[in-house]
Amino acid sequence: MSVHQLYGSALGKQWRGGLILLGCSVLEGVPAFYSGRLVELAVDRGFGVGDPLTGMTWLAVFGVVALLGAIGSRLVWQQLGKVVEPLRDALVEAVVRGVLHDPAPPRNQPDASGVARITQHVEVVRDATAGLLVQARGMIVTTFAALAGLFTVAGGLAWLVAAPVLGSIVLFACLLPSLARRQRALALADERTAETAGTTLAGMRDVVACGAEATAVMALHNSVDAQAAAAMAVARSSALRTLVISIGAFLPLVLALLVAPSMVTAGTLTAGAALGALVYLATTMQPALRGLAATAATVVLRLLVALRRLAETAEIPEPVDGDEEPSDAVVSVRELTFGWGEHAEPIVRGLDLDLVAGDHLAVVGPSGIGKSTLAGLITGMLEPQEGRVLLGGAPVRDTPAELRHRLIALIPQEAYVFAGTVRDNLALFAPDATDDDLLDAADAVGAGDLVERLGGLDGEIGHGREGVSAGGAQLLALARVYATPARIVLLDEATANLDPRAEARVERAFAARGGVLLVIAHRLSSALRARRVLVMDGRETALGRHEDLLRLSPRYAEMMQAWTAPSPSPRPRTGVPLAR
């Protein structure tokens, strides 16, 4: 479903509120329809014939009608939230789905542009929809009611003033495409500024460490300049729009003032009808036209641009599910090559690897060398540029997604714990697991005491992981996967917040569980527990047992030596006596 379809569907579900708004609109339009007519009656049947009491009576009726219109406006505001808020929730959900399915998400940093879409574009749609339901709807009702009233009071004059109104509307419609393009350019500039600022602030320590402050400031300065230029272009278009609408709003009033006296003298128009026509034009139609044009040029344009931008980023393509059934849970990697970009240096190059039931592999190497990328390739989240990743003899990305998710489980370093009960968290991927299964899984990975401290399986976890530490969140995430039937488990630094003893217990538990265990090591002690070790070091990789790699891989031996060598004792500063 596209965002435009989602927008229409979300509004369509609020049809009851729409009917109420329609009824309120009729009530709100009563003063606009009767205003000129009541003024005509007050003049022609009251003040104009020397009967001020009758004239005051008609004006009092005008006041009562205006009160009814005010009541209708108030009812509109009361119904607004019931229509708009469900729309906002549906759009936020669509944006979040789009962010989660982004084929090229930001790596190791927040998605600032995704946040901008939620905090800016969705709010623009929400506010613009509210503006349409309140302002534009009210102005349309007022304009048509005033036109209808004008034709009933002074038909000949109404035909004369209709021409400039229609002309200004046509000219304004011709300006809308350029206004839309400039408004879209401003929306994109807003996103780029948010993304640049978010990236700079998130990496501030690295910027300072590299002495790149001037470069970062220049990038942000350029983004702000581009945003300002886009805003100025929108402002110039808005000025032209204002000129066109002003002509369309004031020219009918000028024509009426020029023509009405002669029509009154000729007897084709009464004085009361002339005054009533001026009331329609000056107090009702002119403000409504100006407000309607302003709304169309701002609210409608912003709404269309925001919806288009959301459609570009929040629409999820129809998933193309595979149909090849794997024969078993064996992973085979052949000549695997992958780089982040067409011309980027590959971070995985020509890798061959076989993982069978009972394998326990530790992947070690410098940070950023491609260890997590390898996990993404094995799970099928990333597509290799060259080579193949086979699951049970079938390309992993060609296997049915549901089956692949049941066979393979990846636990990242960032452990996700959701608001709800402990049971909800542990049974997320194993809805058929019994309470005993969940408790056994928690005990196996060392989370039993944590579950008991949280109040057992019925214990509540608050929003924002309230009451659970970072290490506790990782234990719950590990227990969650341990309870699943997954035969291939990848721990991507999933124990980074645990102490070495707890980490060892987790790895031994998953190794004893059976199947394939792949550990992207946070500590090199993981390599000592593994059956085999994969050393990733840029262009070359080494695969083997720990003892063999110490002899065959200088890089691995160097890493182990640096890890096991004792830290040098700090030397006392000169002039400072040692404590006795």
Side-chain angles (χ1 to χ4, degrees), residues 100-101 103 316-339 346-363 370-412 416 427-433 437 441 444-445 477-492 494 506-507 509-520 530-534 536 541 543-544:
L100 293 177
H101 289 79
I316 303 173
E318 290 294 329
V320 180
D321 204 2
D323 56 3
E324 295 198 28
E325 295 286 338
S327 58
D328 49 37
V330 173
V331 176
S332 299
V333 176
R334 295 291 178 267
E335 293 295 325
L336 184 63
T337 299
F338 180 86
I347 56 177
V348 179
R349 185 192 301 269
L351 177 64
D352 290 324
L353 178 66
D354 289 301
L355 297 172
V356 300
D359 260 332
H360 178 183
L361 177 70
V363 182
K371 302 187 298 294
S372 296
T373 301
L374 176 60
L377 292 165
I378 290 176
T379 56
M381 292 188 296
L382 298 175
E383 184 173 3
Q385 293 170 339
E386 296 180 15
R388 296 187 302 167
V389 178
L390 304 176
L391 174 61
V396 65
R397 291 175 65 89
D398 293 340
T399 59
E402 182 179 355
L403 177 59
R404 185 167 70 246
H405 296 159
R406 190 164 64 247
L407 290 175
I408 306 175
L410 169 65
I411 310 177
Y416 296 97
L428 181 64
F429 302 135
D432 297 330
D437 294 335
V445 300
L478 291 162
R480 174 192 298 153
V481 169
Y482 193 95
T484 69
R487 307 309 304 158
I488 303 168
V489 175
L490 296 89
L491 306 183
D492 188 357
V506 167
E507 292 180 6
F510 274 100
R513 179 175 174 269
V516 174
L517 174 62
L518 186 150
V519 179
I520 295 175
R531 292 188 179 182
R532 290 188 297 166
V533 180
L534 175 64
M536 300 185 66
T541 58
L543 177 64

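Below, each value reflects all heavy atoms present in this structure, side chains not excepted, and no hydrogens, waters or symmetry copies. This chain uses plain numbering: 1 for the first residue, then up along the sequence.
In this structure, the side chains of Leu478 and Phe510 come closer than 4.5 Å at one or more pairs of heavy atoms. Looking only at side-chain heavy atoms (C-beta outward), Leu543 and Leu361 come within less than 4.5 Å of each other. In this structure, Leu351 and Leu534 have side chains that are in contact, with non-hydrogen atoms separated by less than 4.5 Å. Proximity of Val481 to Val445: side-chain heavy atoms (C-beta onward) are nowhere separated by under 4.5 Å. Looking at Pro395 and Val389, their side chains never come closer than 4.5 Å, going by heavy atoms from C-beta outward. Counting only heavy atoms from C-beta outward, the side chains of Glu324 and Leu391 never approach each other to under 4.5 Å.
Under a 3.5 Å cut-off, the side chain of Arg487 and the backbone N or O of Ala357 do not form any donor-acceptor pair. The closest donor-acceptor contact from the side chain of Asp352 to the backbone of Glu335 lies under 3.5 Å. Thr484 places no side-chain N or O within donor-acceptor distance of the main-chain N or O of Ala430, the cut-off being under 3.5 Å. In this structure, the side chain of Thr337 engages the main chain of Gly350 through a donor-acceptor pair within 3.5 Å.
Heavy atoms only, all atoms of each residue included: Ala511 and Leu517 are closest at N-CD2, 3.8 Å. In plain terms, the two heavy atoms of Ile347 and Gly370 that are nearest each other are CD1-CA, 3.9 Å. When all heavy atoms are compared, the tightest approach of Ser332 to Asp354 is OG-OD1, 3.1 Å. The nearest pair of heavy atoms linking Arg513 to Val489 is NH1-CG2, 3.6 Å. The heavy-atom pair separating Met381 from Leu410 by the smallest distance is CE-CD2, 3.4 Å. When all heavy atoms are compared, the tightest approach of Pro384 to Phe338 is CA-CD1, 4.2 Å.
Remark: Arg532 engages Asp359 in a side chain to side chain donor-acceptor pair (under 3.5 Å) (not counting sequence neighbours).
Rounding to the nearest 0.5 angstrom, the gap separating the CZ atom in Arg404 from the OG1 atom in Thr399 is 4.5 Å. Between the CD1 atom in Ile411 and the OH atom in Tyr416 there is a gap of 13.0 Å [rounded to 0.5 Å]. Once rounded to the nearest 0.5 Å, the distance linking CG of Leu355 with NE2 of His360 reads 11.5 Å. Going from atom OG1 of Thr541 over to atom CG of Leu336 covers 10.0 Å, rounded to the nearest 0.5 Å.
Shown are Ile488, Thr379, Leu490; of these, the side chain to side chain contact (heavy atoms under 4.5 Å, CB included) with Val331 is made only by Ile488.
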**OP:** Go through the steps to decide whether Val396 and Ile408 satisfy the test side chain to side chain contact (heavy atoms under 4.5 Å, CB included), and finish with yes or no.
**Re:** CA-CA 10 Å; Val396 65; Ile408 306 175; 4.2 Å; yes
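Applying the salt bridge (charged side-chain N to carboxylate O under 4.0 Å, His left out) test to pairs two or more places apart or on separate chains, those with a residue in residues 378-395 are Glu383-Arg397.
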